[in-house]
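Quick notes on the structure that follows.
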Amino acid sequence: MKSLKSLVKVLRPSEKRLLLHYYSRNTNSEEKLRLALFKLVEKGVESDSEARLKLKSNASVSAYSHLKSRLKNDILNVLLMQDTTKRLAQGNRAAELDCRKKVAQSHLLLLRGAQVEGMKVLKQALKAADKFELLAERLQINHQLREFFVGATSTNELGRLNKEISKDLKIYEALLYVEEQSFVLSSPEFAKNLRTRAKEAEYLVLIEELGNLFRKHKLARIGFWYYMAATEYHRARKNFEDVVVIGLKFLKLVEKRPSVKSKNNMAGVNQTVGGGYFELRQFESAIVHFSKAEKLFPASGFNRLVPLQYLALAEAAIANYTGSLRHVGVALSHPRVATRESLVPRWLFMKASVEFLKGEVDQSFKTINSNGYLMKQQDAWNIQYRLLEMMQLISKRDEEWLEFKLDATRKFLTRHKDLDSPRVRTAIDIFGNLLRKDLDFNLLSDKNLQGLNACLNEEKGFIWNPSSPEIVRFDYWIQSNRSD
């Protein structure tokens, strides 16, 4: 019963109507029993014993088992009868299914003597196999053609088919190897090893091997995994110039080649290229690609929130605060943003940061205090939350609360030394000095000025990370408040 229920569950309303229509046109007792069993499963019957009881059938257990088997076959046939290719989001996946259906249809037509129509359908399948690089289907089609032509065509034509089959076998072998490696490339272990530089030489050899196979066979399905492996490797190594150069080639592949062209692939590669530009601080170019990614990802999917976040950060980095807040607003209205506990607090923090940059200090203070989730965390978001709050208090000239927040932050960093850094420590020291000097930005100590200049010049250990939660650069803010 469990198997039958799972099949009924995947049927779409139109497919259920087609099955019911088929049963309604048949009046024999067997079809009536299948219809009755189908309706019982739809209503949620739990077990075979319950179903047999409600069917009021005196048939044996074996007969009931056959009834279930025939109903399952009918459901599977309906799944193929319907134009299921239109229900697949990715065109290449739909083409693969359609090609297989045409191969089966042509086989039946040829067996029944409808040679003209059979060959017509088979040629349509072959055209789709060529376009979408369906090598397994091409091998099957050419084998079927070879069987059909034996004794009915010239030796030259049979020789051509034999060469095509031999060539495709070699290419298919390469593709199967690449697909085998794809499981390695898409595994969490691969990402972890890239970060830790484990198996460095092994991965470099693999990437080179994939590149050689792509250049040799010109197959987009191989190129997809080569470009993915190469961009991931260079992103892990922070070679962002290479990420952009290779990523743009990758983008061209998934935009132009039907076998790998899909909205998800184009969205993912645009996000990769946008990330490369973002890390290079070429924010305008990053915005172009992140905007494309955001539009291509499903509107209600979690993936869409990633480009939205980078769009908000990039717009803030170029001082387009209105644009940044627009992206924040889109994210906060996302239908699934509240389903993960950390998402709304982080987006509210980004909103507060941009409002502060825009000069709306009171509104920023109100926004950041609307949700205290980040203060309970032990990560970089917590640190930047504290720093933003202190900048707000300095702007509001609330020295009493500033002193309390400074003391709490110092204690927090003492407990969580892994979150401390020269850049964070400089900010804390400068805020402490401001508190002692009546919040006069022009009375910073020499040590403060030295630290501030290290941050502004982004010396080693003081580098600003544009993808971090430090949306408000405290060093820029301090410098903008100094008269010299």
Side-chain angles (χ1 to χ4, degrees), residues 7 10-23 25-26 70 72-176 179 217-222 224 256-263 265:
L7 282 177
V10 301
L11 286 173
R12 297 179 183 274
S14 60
E15 292 162 345
K16 291 179 180 179
R17 287 194 296 270
L18 182 61
L19 189 63
L20 291 171
H21 179 71
Y22 167 73
Y23 287 142
R25 303 293 294 179
N26 291 277
R70 292 185 185 105
K72 288 179 185 178
N73 287 334
D74 288 343
I75 292 172
L76 292 172
N77 286 332
V78 164
L79 285 172
L80 278 177
M81 286 169 64
Q82 285 285 81
D83 193 3
T84 49
T85 55
K86 292 182 179 179
R87 303 193 184 277
L88 293 174
Q90 297 185 33
N92 48 8
R93 295 296 186 192
E96 184 177 1
L97 176 58
D98 187 55
C99 181
R100 291 176 180 176
K101 286 171 67 175
K102 281 183 166 57
V103 171
Q105 291 164 351
S106 67
H107 189 64
L108 287 172
L109 287 169
L110 291 171
L111 286 176
R112 295 185 181 187
Q115 295 180 358
V116 174
E117 287 303 314
M119 290 301 297
K120 187 185 294 184
V121 174
L122 195 59
K123 286 179 180 177
Q124 290 174 354
L126 183 59
K127 185 177 180 180
D130 288 338
K131 181 178 180 180
F132 291 93
E133 298 179 352
L134 304 174
L135 291 174
E137 287 73 16
R138 265 179 59 90
L139 283 165
Q140 187 180 1
I141 292 166
N142 281 328
H143 176 66
Q144 193 167 321
L145 285 170
R146 184 169 60 181
E147 282 190 332
F148 178 75
F149 284 142
V150 170
T153 189
S154 67
T155 305
N156 289 338
E157 180 62 17
L158 287 174
R160 184 191 68 79
L161 284 171
N162 287 334
K163 287 181 180 179
E164 285 287 323
I165 291 171
S166 179
K167 178 184 175 184
D168 283 346
L169 275 171
K170 292 177 182 177
I171 301 175
Y172 191 41
E173 184 179 6
L175 178 61
L176 287 175
E179 289 182 343
H217 298 297
K218 312 297 183 186
L219 213 63
R221 291 170 68 183
I222 293 177
F224 179 89
K256 301 296 183 183
R257 300 290 288 274
S259 62
V260 292
K261 183 179 181 179
S262 72
K263 285 186 176 181
N265 285 346

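Not measured: the values here are computed from a predicted model.
For Glu173, the CD atom counts as loosely surrounded, since its 6.0 Å shell holds 12 or fewer non-hydrogen atoms of other residues, nucleotides or ligands. Within a 6.0 Å radius of NZ in Lys261, other residues, nucleotides and ligands contribute 12 heavy atoms or fewer.
Looking only at distances, no side-chain donor or acceptor of Ser166 sits under 3.5 Å from a matching main-chain atom of Asn162. In this structure a side-chain-to-backbone donor-acceptor pair under 3.5 Å is missing from Asp168 to Leu139.
Here Lys170 contributes atom NZ and His217 contributes atom NE2; the two are 9.5 Å apart, rounded to the nearest 0.5 Å. The CG atom of Asn142 sits 11.0 Å away from atom NZ of Lys167, with the distance rounded to the nearest 0.5 Å. Rounding to the nearest 0.5 angstrom, the gap separating the CG atom in Leu219 from the CZ atom in Phe224 is 13.0 Å. Here CD1 of Ile141 is found 11.0 Å from CD of Gln124. Values are rounded to the nearest 0.5 Å. The CD atom of Gln140 sits 9.0 Å away from the NE2 atom of His107 when rounded to the nearest 0.5 Å. Atoms CD1 and CG, from Ile75 and Leu18 in turn, are 12.0 Å apart once rounded to the nearest 0.5 Å.
Here the closest heavy-atom approach between residue Leu134 and residue Ala95 is recorded as CD1-O, 4.1 Å. For the pair Ala125 and Cys99, the tightest heavy-atom approach, listed with the atom from each and the gap, is O-SG, 3.4 Å.
Inter-residue side-chain proximity for Glu96 and Arg100 is flagged as met; some heavy-atom pair is nearer than 4.5 Å. The side-chain heavy atoms of Leu126 and Leu122, taken from C-beta on, include no pair separated by under 4.5 Å. You'll find the side chain of Leu110 reaches within 4.5 Å of the side chain of Met119, heavy atoms only. Using a 4.5 Å cut-off on side-chain heavy atoms (C-beta onward), Ile165 and Leu169 make contact. Residues Lys101 and Leu97 have side chains in contact (heavy-atom distance under 4.5 Å, counting atoms from C-beta outward).
The pair Arg70-Asp74 does not meet the salt-bridge criterion, since no charged nitrogen lies less than 4.0 angstrom from a carboxylate oxygen. For the pair Glu117 and Lys120, the salt-bridge criterion is met [side-chain N within less than 4.0 Å of a carboxylate O].
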**Request:** Could you please spell out the steps behind the side chain to side chain contact (heavy atoms under 4.5 Å, CB included) verdict for Arg160 and Asn156?
**Result:** CA-CA 6 Å; Arg160 184 191 68 79; Asn156 289 338; over 6 Å; no

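Only one option out of Glu164, His143, Glu133 pairs with Arg138 in a side chain to side chain donor-acceptor pair (under 3.5 Å); it is Glu164.
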